[in-house]
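Data block below; observations after.
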There are 2 protein chains.
Amino acid sequence: MMDATDIKIIEALRENGRMTMKELGKKVHLTGQAASSRVIKLEEEGIIEGYTIRVNERAMGNPVHCFLQIFTNSLHHKPYFSFLETRQEYVRNNYKISGEACYLLECRFPSNEELDQFLIQLNEHVSYKLSIVIRG
Amino acid sequence: MMDATDIKIIEALRENGRMTMKELGKKVHLTGQAASSRVIKLEEEGIIEGYTIRVNERAMGNPVHCFLQIFTNSLHHKPYFSFLETRQEYVRNNYKISGEACYLLECRFPSNEELDQFLIQLNEHVSYKLSIVIRG
DNA sequence: CAAGAACACTTGATTTGTGAAAGGATTATG
DNA sequence: CATAATCCTTTCACAAATCAAGTGTTCTTG
């Protein structure tokens, strides 16, 4: 299904997803066209899900990075999900996990004030344990 | 520094980082060239750190996704870091965090067997609490 | 063993996108 | 009021992507 060249292609595109097919071809010893058709195949197979950018969240004004272990007392998780919907700007990931907590929520905030506001409102629906990222 | 158009550009590129400048320009009501020069500026300012792909980790053969809270008994964290170095293929992120644990370690594994091996060796250096991601 | 389908790649022609230079509109500045 | 700075557009030359054949290799199958 996938061979060594495909792996190299994925590694190359992970580093620079905007590389031209010609460049990519050079890296894996193929013509641009051959590289391109392999990439199209990887996209069709769903291995490459899409192209995106790495954004400096600090420069974007969201320096406060944190993880929250979420503990739901109630049996109904919907209020929590609904709340997250309304705070999409802050939420980066919400993982349903095994272990003590029900969810692991990853967020970004402009400052501790916004974080505090978020926590106050979050606490209306669930309990949490907060971990702030000191260094990524 | 950044205006509404820049925000739109970043949102558009987050969704599709390989979009042509012409397309991008259309989205934000600019010519391709104007869009391009804004993108170059955002790159130079370090707001756009780079371009990459979203890879389907399941299709890539790493369906087991987990987070580990790391507790270091010893005062020396170096053995732990050295260990991580030798297991880069599995490690996605290692966040230094506030809270109960010292680090939050995000990993991917092909199967529970590899995870188990990893945990056995990890345990030679630190204690941990394991959370497996049920749903991203 | 040979025919032929399937596959992956290359080549060449055409379309499309990119980058550089020049020029115009708007806004700030002495 | 003149000047500079900023940001945009237009134009054009060049580079890259795409499309359509065409080639060679491998694998299957009669």
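Protein chains get the first letters and strands the later ones, always in sequence-line order, with residue 1 at the start of each.
- Taking the centre of each ring, Tyr128(A) and Tyr103(A) stay at or above the 6.0 Å mark.
- Residues Val64(B) and Arg108(B) form no side-chain contact, since every pair of their non-hydrogen atoms from C-beta on lies 4.5 Å or further apart.
- In this entry the distance linking CG of Asp3(A) with P of dT26(D) reads 15 Å, nearest Å.
- Rounded to whole Å, the distance from CG on Asn16(A) to P on dA16(D) is 14 Å.
- DNA chain D is contacted by Leu30(B), Thr31(B), Gln33(B), Ala34(B), Arg38(B), Lys41(B) of residues 30-42 of chain B, taking any non-hydrogen atom closer than 4.0 Å.
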Side chain to side chain donor-acceptor pair (under 3.5 Å) between Ser82(A) and Glu85(A), intermediate numbers included: CA-CA 5 Å; Ser82(A) 302; Glu85(A) 286 290 322; over 6 Å; no

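- In this structure, the CE atom of Met21(B) is 15 Å from the P atom of dT9(D), given to the nearest Å.
- Taking atom CE on Met19(A) and atom P on dT18(C), their separation rounds to 16 Å, with Å as the unit.
- Going from atom NZ of Lys22(B) over to atom C1' of dG19(C) covers 15 Å, rounded to whole Å.
- Taking atom CG of residue Asp6(B) and atom C1' of nucleotide dC8(D), one finds them 14 Å apart after rounding to whole Å.
- Residue Arg18(A) places at least one side-chain N or O under 4.0 Å from the OP1 or OP2 atom of dT18(C).
- For Ser36(A) and Gln33(A), the side-chain atoms include no donor-acceptor pair closer than 3.5 Å.
- One can place CG of Leu24(B) at 12 Å from P of dC8(D), the figure rounded to the nearest angstrom.
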Residues 11-19 of chain A side chain polar contacts: donor-acceptor under 3.5 Å, at least two apart:
| from | atom 1 | to | atom 2 | distance (Å) |
| --- | --- | --- | --- | --- |
| Asn16(A) | OD1 | Arg18(A) | N | 3.0 |
| Asn16(A) | OD1 | Met19(A) | N | 3.3 |
| Arg18(A) | NH1 | Gly17(B) | O | 2.8 |
| Arg18(A) | NH1 | Met19(B) | O | 2.9 |
| Arg18(A) | NH2 | Met19(B) | O | 2.8 |

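- For the residue pair Tyr95(B) / His65(A), no side-chain donor-acceptor distance below 3.5 Å is found, with atom types taken as modelled.
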